[in-house]
Visitor: 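Have a look at this one.
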Amino acid sequence: MKTFLNIAFILFALQLTHAQTVGGTIVVDSIYSANLVNDFGENPTRKVGVYLPPDYGDGTKTYPVIYFLHGFYGDHTMLEPMKEILDFAIATKRIRPFILVIPNQRTTYEGSFYSNSGVFGNWEDFTVQDLVTYMDKNYRTIAKKEARGITGHSMGGYGALNIAMKHPDVFNTVYAISPGALAIVREYGPNSDTFKEISEASTLEALGKTYFGKVMMAFARSWSPNPDNPPFYCDFPFGYQNGELVIHQETLKKWHDNMPFYNLENYIDNLKRLKAIKMDWGRNAGERFTQQCKMFSLKLENLGIDHFAEEYIGTHVNNIYTKDGRIPQQVLPFFEYYLEFN
């Protein structure tokens, strides 16, 4: 009996060692997109990080694809440090083998917000049309919506929700990790210091010294670009004249049209076509995140949209990209359950 137990233990150890050492592969690809051609220096050829599962090179099997949208300041290179937790999730059977894709949507103004600017590039169209089509043509994907999920963190969480509710014919499931830009709250609003700082900046260099000023310029270049309004080439919904707050209603409407909280009613049917919706946020992420996430979830509930919403103990950035963090413990098991695998 003792000998049998020793053999069983050795076999288990060998299996565990094999699971820990066999990993997936990262490919850095690139895609040229006519949707991104512009006159303001944004490169229409974008790098794309692709994670291929450990058994990808062994045959003709096809795989579901999870599209991961990075946050503000991020890009496709974040896939390299993520590889360990993707390998870990497959090895520990939290999810069956899958493909994960991170497109580089970092712009000269730090983030595209995955939106169709019309001036600085149509990033939503690039994501939904060009990226998905390229992946299905060049990789062994299960080329249908039931096998496509979309997720992302912060700016990417916004992009995932916004794209999924507009394109349920392309993506079947969505998981937004601590999404931002859902509504105008706190530092995004007129009664914060953000737009006072913007009104005092007359150059890109000056604006670049303020974090929220840079974020608001990215909002504005995404949703209210104006090629005839240098030096920022965009319009802001709030400004100051002689020290008094001025609200530019036409620009504010453009922002509302692009912030999901304000137009959920227009997408009720689309949202109900999605197989599953989940969002989460860290309790200590800061009120601009916790407030808008709770507002968004409550509105989904009031509109009769089934979804999962979870507040966890953490900040905006911790407890996410680790083996015991959100991605391998919640995000990937969510897609394991709802995506179609072969």
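The first residue in the sequence is number 1, and the count goes up from there.
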Visitor: Checking the side chain of K83 only, and the main-chain atoms of G24 only, is there a donor and an acceptor separated by less than 3.5 Å?
Guide: yes
Visitor: Is it the case that more than 12 heavy atoms not belonging to K47 sit under 6.0 Å from its NZ atom?
Guide: no
Visitor: Rounded to the nearest 0.5 Å, how far does CD1 of I305 lie from CG of D269?
Guide: 8.5 Å
Visitor: Within this structure, what is the CD1-CG distance for the pair I142 and L339, rounded to the nearest 0.5 Å?
Guide: 8.5 Å
Visitor: With a 3.5 Å distance limit and no angle check, can you tell me whether N263 reaches the backbone of H256 through a side-chain donor-acceptor pair?
Guide: yes
Visitor: Run the side chain to side chain contact (heavy atoms under 4.5 Å, CB included) check on I327 and I320 step by step: do they pass?
Guide: CA-CA 6 Å; I327 290 176; I320 297 174; 4.0 Å; yes
Visitor: Could you tell me whether Y67 and F171 have their ring centroids closer than 6.0 angstrom?
Guide: yes
Visitor: Hey, does the side chain of T194 reach the backbone of E187 with a donor-acceptor pair shorter than 3.5 angstrom?
Guide: yes
Visitor: Exactly one of W123, F219, F120 should register a ring pair (Phe, Tyr, Trp, His ring centres under 6.0 Å) with F113. Which one does?
Guide: F219
Visitor: Taking the six-membered ring of F126 (Phe, Tyr or Trp), confirm whether the NZ or CZ of R46 is under 6.0 Å from its centre and within 45° of its axis.
Guide: no
Visitor: Passes side chain to side chain contact (heavy atoms under 4.5 Å, CB included), K209 versus E197? Steps please.
Guide: CA-CA 10 Å; K209 294 178 180 179; E197 293 175 345; over 6 Å; no
Visitor: How many angstroms lie between atom OG of S224 and atom OH of Y233, to the nearest 0.5 angstrom?
Guide: 15.5 Å
Visitor: Between the side chains of K323 and E84, is the shortest nitrogen-to-carboxylate-oxygen separation below 4.0 Å, so that they form an ion pair?
Guide: yes
Visitor: Apply side chain to side chain contact (heavy atoms under 4.5 Å, CB included) to R140 and N342, showing your working.
Guide: CA-CA 11 Å; R140 297 204 311 274; N342 281 341; over 6 Å; no
Visitor: In terms of ring plane angle, is the pair Y338 and F308 parallel, tilted or perpendicular, where the classes change at 30° and 60°?
Guide: tilted
Visitor: A side-chain contact here means heavy atoms from C-beta on lying under 4.5 Å apart; do V170 and Q129 qualify?
Guide: no
Visitor: With distance as the sole criterion, is a donor-acceptor pair present between the side chains of D235 and T251 under 3.5 Å?
Guide: no
Visitor: Would you name the heavy atoms of A183 and Y188 that are closest together and state the gap between them?
Guide: O-CD1, 3.4 Å
Visitor: Going from CG on L207 to OH on Y109, what distance comes out if it is rounded to the nearest 0.5 angstrom?
Guide: 14.0 Å
Visitor: Report yes if the side chains of M135 and V50 come closer than 4.5 Å at any heavy-atom pair, otherwise no.
Guide: yes
Visitor: Is it the case that atom CG in D306 sees more than 12 heavy atoms from other parts of the structure closer than 6.0 Å?
Guide: no
Visitor: When you measure from the side chain of S178 to the backbone N and O of H316, does any donor-acceptor pair fall under 3.5 Å?
Guide: no
Visitor: Indicate the ring-plane relationship of Y158 and W223, choosing parallel, tilted or perpendicular according to the 30° and 60° boundaries.
Guide: tilted
Visitor: Determine the interplanar angle of the Y211 and F72 rings, folded into 0 to 90°, and report it as parallel if under 30°, tilted if 30 to 60°, perpendicular if over 60°.
Guide: perpendicular
Visitor: Measure the shortest side-chain to side-chain distance between K145 and V132 over non-hydrogen atoms and say whether it is less than 4.5 angstrom.
Guide: no
Visitor: Under the criterion ring pair (Phe, Tyr, Trp, His ring centres under 6.0 Å), which of F98, F341, Y56 is the partner of Y63?
Guide: Y56
Visitor: Between E124 (side chain) and I163 (backbone), is there a donor-acceptor pair under 3.5 Å?
Guide: no
Visitor: Flag the pair E146 and K275 as a salt bridge only when some basic side-chain nitrogen lies within less than 4.0 angstrom of an acidic carboxylate oxygen.
Guide: no
Visitor: Aromatic ring centroids of F195 and Y240 under 6.0 Å?
Guide: no
Visitor: List the atom of N229, the atom of C234, and the distance in Å for their closest heavy-atom pair.
Guide: ND2-O, 2.9 Å
Visitor: Treating Ile, Leu, Val, Met, Phe, Trp and Tyr as nodes and any side-chain heavy-atom pair under 4.5 angstrom as an edge, say whether M217 and V119 lie in one connected cluster.
Guide: yes
Visitor: Atom CG of L332 and atom CZ of R94: how far apart are they, to the nearest 0.5 Å?
Guide: 10.0 Å
Visitor: Donor-acceptor pair, T315 side chain versus V317 backbone, under 3.5 Å?
Guide: yes
Visitor: Working note: R148 + N172, criterion side chain to side chain contact (heavy atoms under 4.5 Å, CB included); need CA distance, chi angles, decisive distance, verdict.
Guide: CA-CA 6 Å; R148 291 192 203 104; N172 194 46; 5.8 Å; no
Visitor: Tell me whether Q105 contacts the main-chain N or O of G111 through its side chain, where contact means a donor paired with an acceptor under 3.5 Å.
Guide: no
Visitor: Provide the closest heavy-atom pair for S222 versus S112 in the form atom of the first, atom of the second, distance.
Guide: OG-O, 3.0 Å
Visitor: Can you tell if the side chain of F68 reaches within under 4.5 Å of the side chain of L79, non-hydrogen atoms only?
Guide: no
Visitor: Compare all side-chain heavy atoms of F236 with those of S199 and state whether any distance is below 4.5 angstrom.
Guide: no
Visitor: State whether E310 and R326 are salt-bridged, where the test is any N-O pair (Lys NZ or Arg NE/NH1/NH2 against Asp/Glu carboxylate O) under 4.0 Å.
Guide: yes
Visitor: Minimum heavy-atom separation for I102 to D75, with atom names?
Guide: CG2-O, 4.1 Å
Visitor: Strictly distance-based, threshold 3.5 Å: is any side-chain N or O of N226 a donor or acceptor partner for the main-chain N or O of D228?
Guide: yes
Visitor: Got a donor-acceptor contact below 3.5 angstrom from the S154 side chain to the G156 backbone?
Guide: no
Visitor: Is there a donor-acceptor contact under 3.5 Å from the side chain of T151 to the main chain of Y175?
Guide: yes
Visitor: Is there a donor in the side chain of D87 and an acceptor in the side chain of Y51, or the other way round, less than 3.5 Å apart?
Guide: yes
Visitor: Hey, could you give me the CD1/CD1 distance between I99 and I66, rounded to the nearest 0.5 Å?
Guide: 10.5 Å
